[in-house]
Amino acid sequence: MGYPKLPSRQENFAEWYNQVVLRAELADYAPVRGCMVVRPYGWALWENIQKALDQRFKATGHQNAAFPLLIPMSFFEREKEHVEGFAPELAVVTHGGGKKLEEPLAVRPTSETIIGYMWSKWIRSYRDLPMLLNQWGNVVRWELRTKLFLRTLEFYWQEGHTAHATREEAEEETLRMLRVYEDFAVNEAAIPVIPGQKSESEKFAGAVHTYTIEAMMGDTKALQAGTSHFLGQNFARAFDIQFLDADNQLKYVWTTSWGLSTRFIGAIIMVHGDDQGLVLPPRLAPIQVVIVPIWRDDAQRSQVLEMAQRLQRQLGQRFRVHLDDRDHVTPGFKFNDWELRGVPVRVEIGPRDVANQVVTLARRDQPGKAGRTTAAWEGLEDRIAALLDDIHDSLLRRATAFRDAHLHRPETYDELGQVVQNGWALVGWCGRAECEARIKADFKATNRCLPFVEHRPTEAPTRCIVCGEPARHWAIFAKAY
RNA sequence: CGGGGCGUAGCUCAGCCCGGAUAGAGCGCACGGUUCGGGUCCGUGAGGCCGGCGGUUCAAAUCCGCCCGCCCCGACCA
């Protein structure tokens with residue numbers, strides 16, 4: 001009978017997710033609780049994410065660097081809110097080389113402190129600014145409840161860190177990078193996101209304010225898919241990062257940080273996946289085109305394989321192509337297998353196709369007969385290029401329609417409670433933490449963000465959905481990962 | 001850390017209540033053949049310290065105690 005079917009997304013979304021990750025061989029559980037191994041297919045996806053982001057970071061003037069994994073414990077105590085936020089989830093090295101260390105070392109949960117420390121040595125003059133750095137690396141946060149990709153004790157990410165001479169410049173940078181994330185999410189991952197500002201209670205520990213891109217998963221829960229923080233002078237003061245400005249005055253720098261992690265892979269899975277498994281956005285898919293040859297006997301086998309290999313070479317010039325020439329599994333098995341792995345386009349070639357100088361194209365976003373067409377060898381590359389773009393567009397359209405269909409504007413507190421059971425609520429909010437806390441306590445929904453202007457109603461909000469006092473913001477409340 | 005559940009083959013599980021001899025099934029894996037346009041079929045085979053430690057007993061996967069680990073729900077979170 002082969003493999004058991006995946007649980008459907010409808011019946012058990014959480015289990016569907018786990019099974020997809022494991023069976024598509026994106027990742028596996030590591031021997032330590034809460035840690036994961038990213039398998040080659042998952043890592044290839046991450047590498048494509050890295051490329052797409054890194055290119056954007058370079059284009060906006062950033063350089064990559066690498067700061068160490070181990071940070072003196074005392075660094076975390078220099079910024080009050082930062083230590084309060086991160087102390088509970090620090091992993092600490094107390095011994096080295098068989099001896100107890102004089103000062104324990106924290107395994108970085110994020111690198112503001114060590115980078116701040118280094119900057120205090122490097123930055124002397126306004127001519128040294130802006131300092132625009134990024135690092136690709138891993139961090140450790142001792143989370144209590146973990147889930148593959150979404151929340152693991154160790155995760156991979158990029159963290160950008162910048163220092164500026166003025167507040168305005170730093171604020172601009174914070175928003176610029178949020179928009180870079182938005183552009184990446186939409187144009188590479190086909191994930192529609194709502195950019196916005198985090199409330200006081202949801203912002204990063206040590207930030208003046210935090211911006212986020214929020215994405216709706218297939219079960220309507222929200223996922224913070226990327227964040228950008230304006231850190232003000234908090235870390236500059238904590239680490240004494242001062243520069244001599246053009247006016248000969250000694251000033252503290254203004255800093256930012258922004259990050260996007262392997263969690264984003266979880267977003268890709270949960271936004272696009274279907275009951276057959278993964279559906280990867282074409283621009284990030286490790287394999288964009290898989291060729292499945294079909295034959296009956298040895299004569300057909302050699303004929304079809306030869307053509308399949310030619311196609312592989314030809315298409316390989318423009319796309320990431322894989323030829324599945326395994327001869328111990330049937331074509332039907334391969335169809336299911338590659339659908340599970342989310343490959344956007346499948347090229348089937350059998351004896352009939354060879355005779356007619358055509359192939360059968362199957363698009364992953366439309367499983368079954370609906371997504372199948374016949375295409376001539378002539379001009380196949382252009383045909384596939386157009387198909388990949390079309391798949392990207394339709395994934396984005398589908399995800400946007402889904403999100404909009406589940407983004408509601410409840411009028412009453414009770415309605416809010418209803419709506420967040422299966423969607424997001426866009427409501428007026430007075431800005432007080434008590435009201436946020438009450439929604440969380442009553443409905444398990446949190447304040448995801450105060451959406452930017454293009455994502456809020458044109459009119460001003462009237463009353464806070466909770467207390468009825470005059471509203472100061474439009475806010476999105478939702479259950480979240 | 002509080003509440004609930006579960007640890008037997010790579011995976012999913014049966015056996016445990018009511019102790020008994022070489023511990024089973026399906027899938028997966030290996031080999032041979034067959035098949036190949038939607039998860040082929042048949043045969044042969046490999047694979048287990050029954051989570052760990054201790055106790056009860058002539059005898060423990062099975063009964064008792066302690067420990068460890070995992071999953072789900074809460075508190076915490078990229």
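Note that the coordinates shown come from a computational prediction; the quantities given were computed from them, not determined experimentally. Residue numbers begin at 1 in each chain, while the letters A, B, ... track the order of the sequences.
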Once you measure the plane-to-plane angle for F264(A) and F184(A), does it fall in the parallel (<30°), tilted (30-60°) or perpendicular (>60°) bin?
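Because their plane-to-plane angle lies in the 30° to 60° range, the rings of F264(A) and F184(A) count as tilted.
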Look at the aromatic rings of H406(A) and F402(A) and report parallel, tilted or perpendicular, splitting at 30° and 60°.
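The rings of H406(A) and F402(A) sit tilted, inter-plane angle from 30° to 60°.
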Tell me what [X] touches on the nucleic acid: a base, only sugar-phosphate, or nothing, going by heavy atoms under 4.0 Å.
X       : value
E339(A) : base
D297(A) : nothing
L223(A) : nothing
S257(A) : nothing
S261(A) : base
G259(A) : nothing

Donor + acceptor pair across side chains of [X], [Y] (<3.5 Å):
X       : Y       : value
S394(A) : D365(A) : yes
T210(A) : Q197(A) : no
D327(A) : W295(A) : no

Pick the closest RNA chain B nucleotide for G226(A) and for Y29(A) by heavy atoms, then say which residue is nearer the 5' end.
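Nearer the 5' end of the strand: Y29(A).
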Please figure out whether P351(A) or R448(A) has its closest RNA chain B nucleotide nearer the 5' end.
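Looking at RNA chain B, the more 5' nearest nucleotide goes with P351(A).
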Take atom [atom1] in [N] and the same atom in [M], then report the distance between them in whole Å.
N       : M       : atom1 : answer
rC66(B) : rC41(B) : P     : 49 Å
rG10(B) : rG48(B) : P     : 7 Å
rG19(B) : rC63(B) : C1'   : 8 Å
rU35(B) : rA21(B) : C1'   : 44 Å
rC53(B) : rU12(B) : P     : 23 Å
rC76(B) : rG69(B) : P     : 24 Å
rC16(B) : rA60(B) : C1'   : 10 Å
rC18(B) : rU40(B) : P     : 46 Å

For [X] and [N], what is the distance between atoms [atom1] and [atom2] respectively, to the nearest whole Å?
X       : N       : atom1 : atom2 : result
L6(A)   : rG39(B) : CG    : P     : 16 Å
N336(A) : rG37(B) : CG    : C1'   : 13 Å
L305(A) : rG37(B) : CG    : P     : 15 Å
F333(A) : rC36(B) : CZ    : P     : 17 Å
Q19(A)  : rG28(B) : CD    : P     : 15 Å
E143(A) : rG74(B) : CD    : C1'   : 16 Å
D28(A)  : rG10(B) : CG    : P     : 14 Å
F86(A)  : rA78(B) : CZ    : P     : 7 Å

Nearest listed nucleotide, side chain of [X], among [options]:
X       : options                   : result
Q224(A) : rA78(B), rU35(B), rC76(B) : rA78(B)
R372(A) : rG39(B), rG38(B), rA78(B) : rG38(B)
R141(A) : rA78(B), rG37(B), rC76(B) : rA78(B)
P331(A) : rC36(B), rG39(B), rU40(B) : rC36(B)
W295(A) : rC76(B), rC36(B), rG37(B) : rC36(B)
R346(A) : rC76(B), rG37(B), rG38(B) : rG38(B)
R23(A)  : rG39(B), rC76(B), rC36(B) : rG39(B)
T152(A) : rG37(B), rA78(B), rU40(B) : rA78(B)
K444(A) : rG74(B), rC36(B), rA75(B) : rG74(B)

Give none if [N] has no partner; otherwise give the nucleotide forming a Watson-Crick or G-U wobble pair with it, both distances under 3.5 Å.
N       : answer
rA30(B) : rU44(B)
rA59(B) : none
rG37(B) : none
rG74(B) : rC1(B)
rC66(B) : rG52(B)
rA9(B)  : none
rC17(B) : none

Any [X] side-chain nitrogen or oxygen under 4.0 Å from OP1 or OP2 of [N]:
X       : N       : result
K147(A) : rA78(B) : no
K440(A) : rA75(B) : no
R296(A) : rC36(B) : yes

Sidechain N-carboxylate O distance under 4.0 Å for E25(A), R341(A):
yes
Ignoring hydrogens and angles, are the base of rG37(B) and the side chain of T360(A) linked by a donor-acceptor pair under 3.5 Å?
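Checked by distance alone, the answer is yes.
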Less than 4.5 Å apart, any side-chain heavy atom of [X] and any of [Y]?
X       : Y       : value
Q50(A)  : Q158(A) : no
M307(A) : I349(A) : yes
L311(A) : V359(A) : yes

